[in-house]
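Below, chains carry the letters A, B, ... as their sequence lines are ordered, and counting in each starts from 1. Computed from a prediction, not measured in an experiment: that's the story for all the values here. What you see below is based on every heavy atom in this structure, not just the backbone, and it leaves out hydrogens, waters and symmetry mates.
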Protein chains: 2
Amino acid sequence: MSRWEPNARGRLEQAALELYTERGYEQTTVAEIAKRAGLTERTFFRHFADKREVLFAGAASLEELLVATVAELPESASPIDAVTAALEAAAAAFGERRAHARKRQTVITANAVLKERELIKLASLSAALADTLRGRGVGEPAASLAAEVGVAVFKVAFERWIEETNQRDFSHLIRESLAELKAVTAGT
Amino acid sequence: MSRWEPNARGRLEQAALELYTERGYEQTTVAEIAKRAGLTERTFFRHFADKREVLFAGAASLEELLVATVAELPESASPIDAVTAALEAAAAAFGERRAHARKRQTVITANAVLKERELIKLASLSAALADTLRGRGVGEPAASLAAEVGVAVFKVAFERWIEETNQRDFSHLIRESLAELKAVTAGT
DNA sequence: TTCCTGATGTCAGTCACTGACATCGCTTCG
DNA sequence: CGAAGCGATGTCAGTGACTGACATCAGGAA
């Protein structure tokens with residue numbers, strides 16, 4: 001395991017998920033992650049801003065996907081429809097990786113500090129969606145609310161998708177949660 | 001400034017907010033906060049779990065207030081009405097403390113790690129609301145969605161209340177945001 | 001007074017994270 | 001081919017958040 005093995009970043013991500021799963025997030029030191037990946041602690045911090053971030057490498061690309069999806073929609077689409085389309089795209093992107101998502105989510109939900117990081121990633125997602133909606137002429141606070149509501153629906157559907165034993169289609173769960181949301185907000 | 005001055009916890013909170021405002025969160029050490037409060041670093045960590053928590057001491061009581069408000073409503077109230085009532089109670093609780101809330105919020109929005117902590121407090125609020133709704137016979141995912149949506153409305157209204165120069169009534173802003181939300185989710 | 005208890009102080013230690021600088025392997029240019 | 005340049009990695013010495021163990025102090029109970 002010499003210097004210059006390929007994919008240092010990917011090795012660090014894998015080593016971290018393994019160790020966080022094996023012995024827990026807090027009981028794992030960055031030095032141990034780096035060692036398992038054949039690197040040093042200092043190199044870990046060159047690839048990831050902190051010990052949590054190694055679990056959230058994919059968040060940026062997910063955000064790009066959602067924004068791109070909304071941006072490509074015809075102007076005629078309503079805010080809620082735009083958000084729905086974005087969520088469907090996200091569901092499709094997860095698609096095959098339920099096992100990995102589940103493992104990762106188990107680690108995250110077991111640690112408050114990891115939950116914090118997850119929440120701020122979702123907030124960033126919401127802000128990006130709201131920005132895109134505003135760019136399409138949606139006013140405030142409609143843009144922010146549509147984005148927040150979209151993320152709320154995503155959270156609820158994702159949780160169900162991960163937890164259920166009888167695997168159901170992610171996008172189906174999203175449509176279901178969205179319908180439920182409309183019923184709730186319409187309630188007197 | 002001897003040992004056993006009263007209200008150590010309150011002195012720490014005030015010293016922290018002052019220092020975070022004066023020189024920024026990251027540039028302030030816990031030792032400095034403790035020193036200004038006439039205490040030691042070790043004592044700081046006996047009152048607050050970490051350097052961030054000192055800004056969020058009131059979150060627990062806010063949560064209690066919201067839960068109590070919902071719990072006292074007649075069973076006939078719909079989920080969205082229950083959440084609305086809780087938000088109105090929260091608005092009333094803030095009432096006079098706009099200046100303090102504003103100062104605190106300025107510090108929080110300037111630091112990613114503080115934003116993370118704020119988000120998890122709001123998530124805890126949402127979870128507590130959802131629990132209470134479930135206790136009143138509301139099913140899932142309606143309970144979670146109503147709670148999430150309520151928190152989203154609160155966030156939007158709070159931001160406006162803090163930012164606007166011409167001070168408007170907090171509960172008025174909440175009703176306004178809620179109406180907007182209903183319009184958004186009803187949109188085709 | 002004496003004892004007990006809870007709040008505080010002291011000290012030593014771990015670990016996340018950073019800056020400065022050295023080193024390595026590959027690529028490009030002469 | 002060999003030297004220079006450059007990006008990725010290693011090494012080292014810090015700072016500061018946070019913790020455990022133990023001592024100490026003030027006030028109330030016996």
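Between the side chain of B:Arg136 and the main chain of B:Pro74, a donor-acceptor pair closer than 3.5 Å is present. Between the side chain of B:Asp50 and the backbone N or O of B:Glu53, at least one donor-acceptor pair lies under 3.5 Å. Using a distance-only test at 3.5 Å, with no hydrogens or angles considered, no donor-acceptor pair links the side chain of A:Arg52 to the main chain of A:Arg117.
Between the NZ atom of B:Lys51 and the C1' atom of C:dA16 there is a distance of 13 Å, given to the nearest Å. Look at NZ on B:Lys35: it is 16 Å from C1' on C:dG9, rounded to the nearest Å. Counting to the nearest Å, the P atom of C:dG19 and the CZ atom of A:Arg42 are 8 Å from each other. We find that CD1 of A:Ile33 is positioned 16 Å from P of D:dT9, with the value rounded to whole Å. Spacing between atom CD of A:Gln27 and atom C1' of C:dC15 amounts to 13 Å, rounded to whole angstrom units. Between A:His47 atom NE2 and C:dT18 atom P the separation is 15 Å, expressed in whole Å. Separating the CD atom of A:Glu26 from the C1' atom of D:dT19 is a distance of 12 Å, rounded to the nearest angstrom. Regarding A:Arg52, its CZ atom lies at a distance of 15 Å from the P atom of D:dA17, rounded to whole Å.
For the segment residues 103-115 of chain A, the set of residues with a heavy atom within less than 4.0 Å of an atom of DNA chain D is empty.
Under 4.0 angstrom from either OP1 or OP2 of C:dG9 there lies at least one side-chain N or O belonging to B:Thr40. At the phosphate of C:dG9, OP1 or OP2 sits under 4.0 Å from a side-chain N or O atom of B:Thr43.
Annotation: side chain of B:Lys51 is in contact with side chain of B:Tyr20 (closest heavy-atom distance under 4.5 Å).
Residue whose closest nucleotide on DNA chain D sits further toward the 5' end, between B:Arg46 and B:Asp50: B:Asp50.
The hydrophobic cluster analysis finds A:Val67 isolated: no Ile, Leu, Val, Met, Phe, Trp or Tyr side chain comes under 4.5 Å of it, directly or through other members.
Judged by the 6.0 Å distance and 45° axis criteria, A:Arg104 is positioned over the aromatic ring of A:Phe56.
If you check D:dG10, D:dG20, C:dA16 against the side chain of A:Val30, the one that comes closest is C:dA16. When distances run from any side-chain atom of B:Phe45 to the nucleotides D:dA17, C:dC17, C:dC15, the shortest one goes to D:dA17.
For B:Thr43, the side chain to side chain donor-acceptor pair (under 3.5 Å) test picks out B:Thr40, with sequence neighbours left out.
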